[in-house]
There are 2 protein chains.
Amino acid sequence: MAAVLGLEGEIATVAPHVDFVRIGEQVGHSSLLIDGLAGRFGQNGDGGRQITCFYIAGDMADLMSLMSPTTGWGMMALTPMTILKVPHAELRQLTLAYPGIAEAFWRDSVADGSILSEWVVNVGRRDSITRVAHVFCEMALRFEQAGLGDRISYPFYITQADLADATGLTSIHVNRTLKVLRERSIVDFRLGVVRVHDWTKLVAIGDFDPAFLLLNAQAPRIAERG
Amino acid sequence: MAAVLGLEGEIATVAPHVDFVRIGEQVGHSSLLIDGLAGRFGQNGDGGRQITCFYIAGDMADLMSLMSPTTGWGMMALTPMTILKVPHAELRQLTLAYPGIAEAFWRDSVADGSILSEWVVNVGRRDSITRVAHVFCEMALRFEQAGLGDRISYPFYITQADLADATGLTSIHVNRTLKVLRERSIVDFRLGVVRVHDWTKLVAIGDFDPAFLLLNAQAPRIAERG
DNA sequence: CGGAACGTTGAGGAGAATCAATTATAGTGG
DNA sequence: CCACTATAATTGATTCTCCTCAACGTTCCG
């Protein structure tokens with residue numbers, strides 16, 4: 001179920017801060033993230049954005065659109081991105097031919113929901129420093145799991161403004177929060193890299209329990225990376 | 001795919017504020033909600049709760065546990081509740097025998113994720129009155145869709161404290177917010193009933209777009225109610 | 001060298017939390 | 001049927017995060 005599904009589709013590149021799925025848009029394909037970082041997001045009436053989930057290389061970014069072609073959400077590139085646009089028709093054929101793949105896709109949607117649920121908690125019941133630390137913890141384990149870094153240091157090319165949209169804060173407050181985390185020698189963040197100085201402290205201050213990542217479940221990832 | 005799947009399992013009743021799935025627990029069944037209101041939730045380090053999704057009669061409340069038996073979330077009863085505990089083994093057999101059912105379950109997980117994503121936005125990027133109004137809008141349409149009420153008046157037996165846990169506010173602030181909504185003749189809430197006086201205003205103040213409910217998608221609901 | 005994107009810092013204000021009582025409401029048993 | 005109790009709702013006063021507004025600094029790249 002891992003590496004090679006032999007998915008065919010159109011390779012595309014997306015510039016940072018471009019919405020590759022607009023809210024309410026009807027899409028006919030899902031996007032396998034080959035490189036870069038993407039975010040699922042929603043908006044409030046004032047145009048304020050809230051990123052609700054990150055997707056990294058290897059993730060099938062809007063697999064859910066297969067079940068709901070008219071999306072109630074949007075997908076944006078956070079970094080320069082390369083994606084493989086896989087037509088829904090092809091994915092449909094796969095799921096019909098191989099029930100195991102259908103199940104893996106379903107499992108992926110459940111894992112997605114688990115992350116989303118944790119984000120509701122993060123944004124609803126945690127203060128700023130905890131929110132930011134929690135995001136760093138989550139991404140540390142996800143990048144580590146994907147073989148794209150480790151929990152002590154991993155590539156995270158995201159602006160403070162986008163980090164603010166992910167944590168439900170303002171970029172100004174995120175900036176101040178990052179300063180505190182840096183001064184306490186817990187984690188050092190700058191555009192592109194997260195450097196964790198004290199993982200134990202980060203987990204503690206981030207109120208982090210990795211259970212929601214469902215890392216023990218089999219094969220939520222669609223593709224590997226060379 | 002609707003009404004009668006002929007699901008077999010154990011009927012159980014659950015008292016309000018009882019966790020019928022604890023965080024991190026391993027479960028061997030999913031719970032079809034026959035009557036009452038349930039909530040998926042997470043907790044922060046101080047024990048503060050955040051409800052991340054509501055489930056109403058007819059919903060398969062923890063279907064996702066089939067894909068992730070060791071949950072990273074909890075499920076609590078918000079009202080006196082009647083559930084049908086359907087063993088995972090039985091659900092597995094169903095999905096193996098009928099791919100259409102597997103797909104419906106998958107679609108249900110996607111719909112779930114869509115609601116969760118919207119809740120991240122609600123809690124992360126909206127002020128108190130908008131958050132509360134948004135919840136009232138969502139539940140209005142869901143109860144209406146389920147045939148358990150209509151958007152003008154529906155049963156919603158939830159305490160202000162639980163509403164606070166759903167909106168990421170304190171019960172005190174929820175109380176004050178409800179007062180404002182009442183004084184503006186938009187919506188009147190008391191334990192058990194929501195009475196909408198001005199649906200248009202409620203939608204406007206709640207910054208509500210029903211797209212995320214995926215109501216146009218087919219058959220997300222597992223069972224109907226007499 | 002100049003502009004654009006991103007980050008940093010300060011001052012003041014607003015929304016929501018906290019602390020602390022007090023008042024309904026509903027269910028229970030005598 | 002009513003006192004009793006527990007749960008839920010309401011209100012006030014105060015505090016504190018985080019937001020807003022505003023300006024300035026830094027880095028990178030054409």
Side-chain angles (χ1 to χ4, degrees), chain A residues 15-18 37 44 46-50 76-80 122-135 156-183 187-195 205 207, chain B residues 15-18 37 44-50 76-80 122-135 155-183 187-195 205 207:
Chain A
H17 298 120
V18 168
L37 185 70
N44 68 11
D46 303 331
R49 277 198 180 198
Q50 175 68 49
M76 68 186 288
L78 295 166
T79 69
N122 201 38
V123 158
R125 282 282 182 252
R126 294 193 180 114
D127 62 18
S128 62
I129 198 167
T130 309
R131 282 186 217 183
V132 173
H134 194 276
V135 166
F156 196 40
Y157 198 88
I158 185 177
T159 66
Q160 293 184 6
D162 289 332
L163 197 51
D165 284 342
T167 50
L169 302 167
T170 58
S171 63
I172 293 165
H173 202 66
V174 163
N175 181 275
R176 291 179 170 133
T177 303
L178 290 172
K179 190 179 178 185
V180 172
L181 286 168
R182 199 184 312 125
E183 283 170 353
V187 60
D188 194 343
F189 171 77
R190 88 191 73 172
L191 222 191
V193 194
V194 175
R195 213 170 291 278
I205 207 167
D207 189 18
Chain B
H17 298 118
V18 168
L37 186 70
N44 68 12
D46 303 331
R49 279 200 178 196
Q50 175 68 48
M76 69 186 289
L78 295 166
T79 69
N122 202 37
V123 159
R125 280 283 182 251
R126 295 193 179 113
D127 62 16
S128 62
I129 198 166
T130 309
R131 282 186 217 183
V132 173
H134 194 276
V135 167
F156 197 41
Y157 198 90
I158 185 178
T159 66
Q160 294 185 7
D162 288 333
L163 197 51
D165 284 343
T167 49
L169 302 166
T170 59
S171 63
I172 292 164
H173 202 66
V174 163
N175 181 274
R176 290 177 171 134
T177 304
L178 290 172
K179 191 180 177 184
V180 173
L181 286 168
R182 199 183 312 126
E183 283 168 355
V187 59
D188 193 344
F189 171 76
R190 87 192 74 172
L191 221 191
V193 194
V194 174
R195 212 171 291 277
I205 207 168
D207 189 19

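The shown structure was predicted, so the numbers you read here are calculated from the model rather than taken from an experiment. Numbered from 1 within each chain, the chains take letters A, B, ... in sequence-line order.
Under the 4.5 Å side-chain criterion, counting only non-hydrogen atoms from C-beta, Gln160(A) is in contact with Phe189(A).
Residue Leu163(A) contributes atom CG, which lies 14 Å from atom P of dC6(C) at whole-angstrom precision. Between the CG atom of Asp127(B) and the P atom of dA17(C) there is a distance of 12 Å, rounded to whole Å. The distance between atom NE2 of His173(B) and atom C1' of dA13(D), rounded to the nearest whole Å, is 16 Å. Taking atom CD on Glu183(A) and atom P on dT8(C), their separation rounds to 11 Å, with Å as the unit.
Side chain of Asn44(B) to backbone of Asp46(B): a donor-acceptor contact under 3.5 angstrom is found. A donor-acceptor pair under 3.5 Å links the side-chain atoms of Thr177(B) to the main chain of His173(B), judged by distance alone. Not a single donor-acceptor pair under 3.5 Å links the side chain of Thr167(B) to the backbone N or O of Val132(B).
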Could you walk me through whether Arg125(A) and Asp165(B) pass the side chain to side chain contact (heavy atoms under 4.5 Å, CB included) test, one step at a time? CA-CA 9 Å; Arg125(A) 282 282 182 252; Asp165(B) 284 343; 2.9 Å; yes
Worked check of salt bridge (charged side-chain N to carboxylate O under 4.0 Å, His left out) between Arg49(A) and Asp162(A): CA-CA 9 Å; Arg49(A) 277 198 180 198; Asp162(A) 289 332; over 6 Å; no
Quick test: give all pairs of protein nitrogen or oxygen and nucleotides 8-12 of chain D nitrogen or oxygen below 3.5 Å, distance rounded to 0.1 Å.
from: dA9(D); atom 1: OP2; to: Gln160(B); atom 2: N; distance (Å): 2.8
from: dT10(D); atom 1: OP2; to: Gln160(B); atom 2: NE2; distance (Å): 2.6
from: dT10(D); atom 1: OP2; to: Asn175(B); atom 2: ND2; distance (Å): 2.5
from: dT10(D); atom 1: O5'; to: Asn175(B); atom 2: ND2; distance (Å): 3.2
from: dT11(D); atom 1: OP2; to: Lys179(B); atom 2: NZ; distance (Å): 3.3
from: dG12(D); atom 1: N7; to: Arg176(B); atom 2: NH2; distance (Å): 2.4
from: dG12(D); atom 1: O6; to: Arg176(B); atom 2: NH2; distance (Å): 3.4

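Between Ser128(B) and dG15(C) there is no side-chain polar atom (N or O) within less than 4.0 angstrom of OP1 or OP2.
Across all strands shown, Gly168(B) has heavy atoms under 4.0 Å from sugar-phosphate atoms exclusively, and none from any base.
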